[in-house]
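Structure first, commentary second.
Numbers here are sequence positions counted from 1. Computation of the quantities below employed the complete heavy-atom set of this structure, encompassing side-chain atoms and omitting hydrogens, waters and symmetry-equivalent molecules.
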Amino acid sequence: MRTHQHRSLDAALDTVRNLGILAHVDAGKTTVTERILYTTGTTHKRGEVHDGTTITDFDSQERDRGITIFAAAVSCSWDGHRINLIDTPGHVDFADEVERSLRVLDGAIAVFDAVAGVEPQSESVWHQADRHSVPRIAFVNKLDRAGADLDTAVASIRDRLHTVPLVVQLPIGSEDAFRGVVDLLRMRALVWADGADTYEECAVPAELREEAVRRRRLLEEAVAELHPAALEEFCVRSELSEATLAGALRDLTHTGEGVVVLCGSAYRNRGVEPLLEAVVAYLPSPADVPPVRGMFGDEVRERAADPAGPFAALAFKVNATATGRLTYLRVYSGTIGKGQTVLDASTGRGERVGRILRVRADRHVDVDTAVAGDIVAVIGPKSVRPGATLCAPDAPLVLEPPSVAAPVVSVAVEARRSTDTERLMAALVRLAEEDPSLVVRTDAETGQTVLSGMGELHLEVAAEKIRRDHGLDVRVGRPQVAHRETLVRGVSGLVYRHVKQDGGAGQFAHVVIDVEPLEAGDGEEAVFAFRSAVVGGRVPAEYVRAVEAGCRDALAEGPLGGHPVTGVRVTLVDGATHSKDSSEMAFRTAGRFALREALRASAMVLLEPVVEVTVTVPDDAVGGVLGDLAARRGRVSGSTTRGAAAVVTATVPLAELFGYATRLRSRTQGRGTFTTRATGYAPAPAAVAGGTA
C-alpha cells in the first residue's frame, strides 16, 4: 500500500500545479474535485453533490440546483507538491467563467462520462482550452455505471476532439464489478477494496495479462509515432522503458500532441490517487510554461515565472460581498506581501493589498506573501475588475485580459417597490463587477433597466442572487434574444457628399462606396471588412482610415430594427477632398452616413441566435420530443440510441427554448434532460423579423 505525506503548502516553483477541472454537466467534475480534496487530506469527509455537502459548490444556488455555477479555487498538497485547483462550471451559460479560469491555468483535467463519452459541452470546453494552449490529461469517470465502456469513450475522444488519446490504464472489472486498474507503465494492478481510501498494488491478474501486454504495446507504438526520442529507442530495442515512456508522455502532454487518458470512479473513490500522480508527472509547473507576455505602451515585454522579478499578476475573478471584495489573482512574476501597494495597470490607480489568502472555496487561510506561480485571493483593492493587471508601480505592464463573450439574452429587471430602485441598481452594478459577461444598461426608448447575459439560466441565477444576497423583491420580464442584421444583396457606386458651411471652417467629404455581403470564409467571425480601391491619392490615407471608422460606427444600428450589423464588406472606390474644409472628422461622418444609406438601399435579413440542443429521453417519449422540437422551429441533425434512452441532436433558435426545461419535464415525466451549445446566428423567418423590427 502506498502512502503520501502532506507537506507544507509553501512549495518551490517546480512543485506547483495550477490546474482546472473541465467537463460537460454531470460528468462528475465536482465529485472529482471533492475526492482530490479528500485524498490529499484537505478535507476529512467526502463531500457529495446530491447531499449539498461539497466544498467547491458552496453557493446556496449551486447546492439547490446540483450544478457548478461559479468557478471555485482550492489549494491542496500532494506528495510534496502544491495543487491549486479550479472547479469550473459545465453548463454552457457559464462558459465565460471557464474562459476566465483557463486564462490563468497551466494545465487541466478533462473529465468524461464513461457511458456518454464526449458530450456537446465537453467539446466546447476542450476547444476553449485549445485556444489557450492549456495542456490536458483526460479522466474517464463513472466506470462503475451500467453501460460504461472505456474503449467507446476513448474512441469518442479521438473522433470528436481530433486528438491522440494515450491510454495508460486498463480497467479491472466492469460496471458494478469495477474494482481497480492496471497501470500500463509499471505493469502493476492497483486494486481498491470496498470502502478503502487507497489502493493495494499487486501483480496483474492472470486473465488480464495478455490484454495488458497488448495495450502496453499499442501505447508504445502511439508514443513512438509522435515523439522522436521515443521512436529512436523503439527502433533500437523494439520497446520503450518506463522512464522513456513517462518522459515522452510528459512532453506530448505539454505540446498538446497527445492526451494521457486515465479512468476510474470518483464517486467510489477509485482512480483518484493515480490521477493525482499523473497530474504531478505530466502536467506542467509554472516553471515549464513560456514567460507571460504583456504590453508597456507599444512595447511587448515578457515576464518569466521568477519570484525575484518585477511583480505582475492577472485578476481573473472578483467576489463583491457585503463585507468586502475578494480579488482572485494569478501571480505570474515577482512576490507580493501584505500591506504593499500595487498598480492597477488597466486604470493607472494604486491599490493597497491588505490581506493575502490561500483559497479553499469559501474558506481561506491567511498567508504573508504570494510568489510567481501562486493563485491566491487578496483583500484591499477597491475597484479592480476581472481581467485587470496588477503590477509593481515601477515596472508597469498590461497583460492580455480574458476575452468576454457578447451577451445573447436580455431581460427587463425592476424592483417591485419603487423605493428599492436605487438598491437594485447598486446590486446590478455589483453583479456586473463580479461577472463581466453580465451587462446592465438602461433602454433609451422604454427607460427599463435591462440585464443581458449568456442564457436563460445565467439570468435566472443573477436574479436569484439579487433576491438572496440583497433581500430585494425583483420582477423579471420575458427574456429577449440579441438579434443581428446582415446583408443579402449590396449596392455599388453609392455616392455621398458631406458638406457643411455654418461660418468659420467648413466640412467637406466626398466618398463613393461599394457594399457587398462578407463571406464567412473571409474572417473568423465574418463581421466587417474594409478596403480602399482609390487610385491617384484622391483620398489621403488618414482620411481612408476615418471613412473606415465611420463605417464601423454605422454598424451599431441596422435599418431593420436597430440591431448590430454583421457580415459586411465595404470598398471605398472613389472620393474627393477640399484643400481647406476636408478633415478626418468630415470623412468619418461621410463614411457613417454613406454606409447607413447603402444599408437602407440593400437587401437585408434579420439573424437570430441558434443553439445545438442535445436531448436525452426515454425511447417511449421520442415522438413527442421530436414534435415539440419541430414546433420550436428546430432542425433535427441526428438521433442515436444509448441503452434504453434516445439522444436527439437538433439546431433550435434560442428564443424558442425559453421555458423548454419545464416543457420537457412534463412530456417525459421528469425523465428527459437536455443541454445546449451556442453555434452562432441564422436567418430569422419573416414573422420574427416583422415582430422585432
Side-chain angles (χ1 to χ4, degrees), residues 21-24 26-29 32 107-127 129-130 135-175 177-185 187 189-190 204 208 210-227 240 245-246 248-250 252-253 255-266 270-272 274-275 277-279 281-283 640 642-643 647:
I21 309 284
L22 310 174
H24 186 86
D26 282 341
K29 291 180 311 304
V32 168
I109 300 171
V111 181
F112 300 97
D113 186 319
V115 179
V118 175
E119 297 172 272
Q121 193 59 16
S122 313
E123 281 188 74
S124 296
V125 294
W126 188 270
H127 295 319
D130 279 340
R136 279 142 281 170
I137 58 177
F139 182 67
V140 178
N141 191 27
K142 303 189 178 183
L143 271 181
D144 57 322
R145 282 185 59 197
D149 189 315
L150 175 63
D151 291 340
T152 304
V154 169
S156 71
I157 292 172
R158 179 185 294 106
D159 298 340
R160 296 189 62 174
L161 303 180
H162 309 295
T163 188
V164 181
L166 303 168
V167 185
V168 297
Q169 292 178 341
L170 168 66
I172 301 173
S174 62
E175 300 182 354
F178 171 70
R179 58 194 179 90
V181 296
V182 175
D183 178 346
L184 297 178
L185 264 75
M187 294 303 281
L190 314 178
V204 178
L208 288 176
E210 189 178 326
E211 178 65 7
V213 169
R214 186 182 74 83
R215 292 194 180 226
R216 165 69 182 240
R217 182 72 178 181
L218 288 173
L219 175 63
E220 290 177 353
E221 289 171 356
V223 167
E225 276 185 30
L226 298 170
H227 194 278
L240 295 179
L245 190 52
L249 289 171
R250 178 177 168 82
L252 294 173
T253 301
T255 61
E257 293 173 85
V259 57
V260 172
V261 180
L262 300 98
C263 60
S265 165
R270 293 175 184 174
V272 178
L275 178 62
E277 289 162 8
V279 163
Y282 306 129
L283 290 179
T640 58
R642 189 187 294 155
V647 181

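Two residues are said to be in side-chain contact when any heavy atoms from C-beta on lie closer than 4.5 Å; Leu249 and Leu185 meet this criterion. Taking the side chain as every heavy atom from C-beta outward, Val32 and Leu275 approach each other to under 4.5 Å. With a 4.5 Å cut-off on side-chain heavy atoms, Leu245 and Arg216 count as touching. The closest side-chain heavy-atom distance from Trp126 to Val259 is below 4.5 Å. Side-chain contact between Tyr282 and Leu262 is absent, with no heavy atoms from C-beta onward closer than 4.5 Å. Contact annotation: the side chain of Leu219 approaches that of Leu166 to within less than 4.5 Å [non-hydrogen atoms, C-beta and beyond]. Residues Pro274 and Leu190 are in side-chain contact: their nearest non-hydrogen atoms beyond the backbone lie under 4.5 Å apart.
A donor-acceptor pair under 3.5 Å links the side-chain atoms of Asn141 to the main chain of Ala266, judged by distance alone. With hydrogens and angles ignored, the 3.5 Å screen pairs no side-chain donor or acceptor of Arg179 with any backbone N or O of Ile172. Side chain of Gln169 to backbone of Val261: no donor-acceptor contact under 3.5 angstrom is found.
To the nearest 0.5 Å, atom OG of residue Ser174 and atom CG of residue Leu150 are 11.5 Å apart. Note that NE2 of His162 and NE2 of His127 are 6.5 Å apart. Values are rounded to the nearest 0.5 Å. Leu184 CG to Met187 CE: the interatomic distance, rounded to the nearest 0.5 Å, is 6.5 Å. In this structure, CG in Asp113 is found 4.5 Å from CZ in Arg145, a value given to the nearest 0.5 Å.
Here the closest heavy-atom approach between residue Ala146 and residue Val115 is recorded as O-CG2, 3.6 Å. The minimum heavy-atom distance between Val118 and Ser156, with the atom names listed, is N-OG, 3.1 Å. For the residue pair Ile157 and Pro165, the shortest heavy atom distance occurs at CG2-CB, 4.4 Å. Ser265 approaches Phe139 most closely through the heavy-atom pair N-CZ, 4.3 Å. For the residue pair Ala212 and Val182, the shortest heavy atom distance occurs at CB-CG1, 4.1 Å. Among all heavy-atom pairs drawn from Phe178 and Pro171, the shortest one is CE1-CB, 4.1 Å.
Between Arg136 and Asp130 there is a salt bridge, since at least one side-chain N of the basic residue sits less than 4.0 Å from a carboxylate O of the acidic one. With salt bridges taken as basic N to acidic carboxylate O contacts below 4.0 Å, one links Arg217 and Glu221.
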Kindly indicate, with the supporting measurements, whether the criterion side-chain contact (heavy atoms from CB on, under 4.5 Å) is fulfilled by Leu143 and Val181. CA-CA 11 Å; Leu143 271 181; Val181 296; 5.6 Å; no
